[in-house]
Protein chains: 2
Amino acid sequence: MPKSITRTYSRYSREASLLLGGLIRVARKERKFTAQEVADRAGISRGLLQRIEKGDLKCEIGAVFEVAVIVGVKLFDAEETTLTRHIRQTEDKLSLLPKSVRKKSKTVHDDF
Amino acid sequence: MPKSITRTYSRYSREASLLLGGLIRVARKERKFTAQEVADRAGISRGLLQRIEKGDLKCEIGAVFEVAVIVGVKLFDAEETTLTRHIRQTEDKLSLLPKSVRKKSKTVHDDF
DNA sequence: TTCTAATGACCTATATAAAAACCATTTTTG
DNA sequence: CAAAAATGGTTTTTATATAGGTCATTAGAA
């Protein structure tokens, strides 16, 4: 990540992450897992789990998803079975769309 | 990330990420954005956007969420307004739970 | 068909996220 | 209350994800 980029996030992203982290923390406590237990099962450090539960946007999505699964927070409100079906549906949709998006360079006739 | 950790992901995580990436790609094309356009608006490189759309789990969640917002993929099927409310609800729930999870060290009387 | 933009795939350098080790505080239980 | 465990912060080191190029291929528009 060269050139020292200070990323800026939209409010929606921040809140979505905050909510996901909160849901994870609640689910963990409801199931009576300690932070260390969940971290171990997810193969991550306890520090990272803390950041995830705080909704830190600079975490790899794989770690977040993995923790969510472990504590029982459903992504997309979807079961495993329906998930696979949704993937197929998306692939179908994609195959119907043009492979590349073309920007009409000039002489646009649309808006007349 | 010391000790050369090769992370392993559950099937559910992989599929969730695959689905999210697919939804993003479909949404981007439906709205006729080029990859470069979305990358620019998200403040990320085109290469990273490609990885996101492929469902690569090693991307920071902030970048993924940001891209999702830009192309119009809703996280949690929730509007911005309800999102804030959900956060509050989660906080309330959390405040009712014990602050730390205690593991009964020995002399368990539960399972008799 | 031709021309060009868009995409997909690589590569390298570097900023940085994560692990691991701390310590201080809080919280629960015995 | 006392003891132990869980949590919340640090800091340092190191692996690695990202930016930012390049190049080949593809696909759409004229």
Side-chain angles (χ1 to χ4, degrees), chain A residues 1-9 17 21-22 24-26 28-29 31-67 94-110, chain B residues 1-9 17 21 24-26 28-29 31-64 66-67 94-110:
Chain A
M1 196 190 279
K3 279 295 175 58
S4 180
I5 286 187
T6 318
R7 243 195 256 297
T8 161
Y9 300 102
S17 187
I24 287 173
R25 174 159 290 188
V26 167
R28 175 174 69 79
K29 299 209 166 188
R31 307 205 167 190
K32 303 222 193 302
F33 289 139
T34 66
Q36 191 64 61
E37 281 175 331
V38 173
D40 288 344
R41 290 190 51 187
I44 64 174
S45 64
R46 192 168 60 89
L48 177 53
L49 176 64
Q50 274 186 159
R51 287 175 47 220
I52 289 172
E53 292 188 345
K54 285 173 94 175
D56 191 331
L57 284 162
K58 295 183 185 300
C59 304
E60 71 171 57
I61 197 168
V64 180
F65 280 12
E66 208 61 29
V67 167
L94 200 54
S95 68
L96 298 177
L97 289 167
K99 311 250 173 118
S100 70
V101 177
R102 205 67 179 194
K103 288 289 156 176
K104 32 183 89 82
S105 42
K106 32 198 136 181
T107 58
V108 183
H109 297 276
D110 286 354
Chain B
M1 198 188 278
K3 277 295 174 58
S4 183
I5 285 184
T6 317
R7 243 194 254 297
T8 161
Y9 300 101
S17 187
I24 287 173
R25 175 160 291 188
V26 167
R28 175 175 68 79
K29 299 208 166 188
R31 306 206 168 191
K32 304 223 194 304
F33 289 138
T34 66
Q36 190 64 61
E37 280 175 332
V38 173
D40 289 344
R41 289 190 52 186
I44 65 175
S45 64
R46 191 169 61 91
L48 177 54
L49 176 63
Q50 273 185 161
R51 288 176 49 220
I52 290 172
E53 291 188 346
K54 284 173 95 173
D56 191 331
L57 284 161
K58 295 183 186 300
C59 303
E60 72 171 54
I61 198 169
V64 181
E66 208 60 30
V67 167
L94 199 56
S95 68
L96 298 177
L97 290 166
K99 310 251 173 115
S100 71
V101 177
R102 206 67 177 194
K103 288 289 153 177
K104 31 184 90 82
S105 41
K106 33 196 131 181
T107 59
V108 183
H109 298 275
D110 286 354

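In this text, all values refer to a predicted model and were calculated from it rather than measured experimentally. Chain identifiers are assigned alphabetically (A, B, ...) following the order of the sequence lines, protein sequences preceding nucleic acid strands; residue numbering begins at 1 within each chain.
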Revision key, fill the gap. Bend of the helix from C:dT1-D:dA30 to C:dA21-D:dT10 from end-axis comparison, five pairs per end, nearest 10°, comes to 50°

Review point. Toward the 5' end of DNA chain C, which comes first, B:T34 or A:C59, by nearest nucleotide?
Key: B:T34

Practice item. Measure from CZ on B:R46 to P on C:dT7 and round the result to the nearest Å. Key: 7 Å

Practice item. For A:K29, answer base if it contacts any base atom (sugar-phosphate contacts may also be present), sugar-phosphate if it contacts only those atoms, and nothing otherwise; contact means non-hydrogen atoms under 4.0 Å. Key: nothing

Review point. Tell me: CD of A:E37 to P of D:dA6, nearest whole Å?
Key: 8 Å

Point to revise | Heavy-atom check, side chain of A:T34 versus side chain of A:V38, under 4.5 Å | key: no

Review point. Could you give the CG-to-P distance, from A:D40 to C:dA18, as a whole number of Å?
Key: 17 Å

**Study point:** Pairwise side-chain contact, A:I61 with B:I52, heavy-atom cut-off 4.5 Å (strictly under)
**Key:** no

Revision key, fill the gap. Whole-Å distance, B:L48 CG to C:dG8 P, equals 14 Å

Check your understanding: Looking only at side-chain N and O atoms, does A:K32 come under 4.0 Å of OP1 or OP2 in D:dA6?
Key -> no

Check your understanding: B:L49 has an atom CG; how far is it from atom P of C:dG8, in whole Å?
Key -> 9 Å

Practice item. Please determine if a side-chain N or O atom of A:R51 lies less than 4.0 Å away from the OP1 or OP2 oxygen of D:dT10. Key: no

Revision key, fill the gap. Taking for B:A35 and for B:L97 the nucleotide of DNA chain C with the nearest heavy atom, the one nearer the 5' end belongs to B:A35

Practice item. Given side chain to side chain contact (heavy atoms under 4.5 Å, CB included), test A:R25 with B:L94 step by step and report yes or no. Key: CA-CA 8 Å; A:R25 174 159 290 188; B:L94 199 56; 3.6 Å; yes

Point to revise | Note: B:R41-B:E66 ion pair, threshold 4.0 Å (strictly below) | key: no

Revision key, fill the gap. Note: B:V26 and A:L97 closest approach over all heavy atoms is O-CD1, 3.9 Å

Practice item. For A:R28 and A:E37, run side chain to side chain contact (heavy atoms under 4.5 Å, CB included): C-alpha distance rounded to whole Å, both residues' side-chain angles, the deciding distance at 0.1 Å, then the answer. Key: CA-CA 10 Å; A:R28 175 174 69 79; A:E37 281 175 331; over 6 Å; no

Point to revise | Rounded interatomic separation in angstrom, taking CG from B:D56 and P from C:dC10 | key: 13 Å

Exercise for review: Determine, step by step, whether A:C59 and A:L48 satisfy the side chain to side chain contact (heavy atoms under 4.5 Å, CB included) criterion, reporting the C-alpha distance in whole Å, the side-chain angles of both residues, the deciding distance to 0.1 Å, and the verdict.
Suggested key: CA-CA 8 Å; A:C59 304; A:L48 177 53; 4.0 Å; yes

Review point. Under the side chain to side chain contact (heavy atoms under 4.5 Å, CB included) criterion, do A:Q36 and A:L49 qualify, and how do the steps go?
Key: CA-CA 9 Å; A:Q36 191 64 61; A:L49 176 64; over 6 Å; no

Exercise for review: Would you mind classifying the nucleic acid contact of B:S45 as base, sugar-phosphate or nothing, using non-hydrogen atoms under 4.0 angstrom?
Suggested key: base

Review point. For the pair made of CD in B:Q50 and P in D:dT18, what is the distance, rounded to whole Å?
Key: 13 Å

Exercise for review: For C:dT26, take OP1 and OP2 only and decide whether either is under 4.0 Å from a side-chain N or O of B:R102.
Suggested key: no

Review point. Does B:A63 or A:P98 map to a spot on DNA chain D nearer the 5' end, using the closest nucleotide for each?
Key: B:A63

Review point. Can you tell me if the side-chain N/O atoms of B:R7 get under 4.0 Å from OP1 or OP2 in C:dA19?
Key: yes

Check your understanding: Phosphate oxygens OP1/OP2 of C:dA15: is one of them under 4.0 Å from a side-chain N or O of A:K58?
Key -> no

Point to revise | A:K99 side-chain N/O to D:dA27 phosphate OP1/OP2 under 4.0 Å | key: yes

Practice item. Using whole Å, report how far CD of A:Q36 lies from P of C:dT27. Key: 20 Å

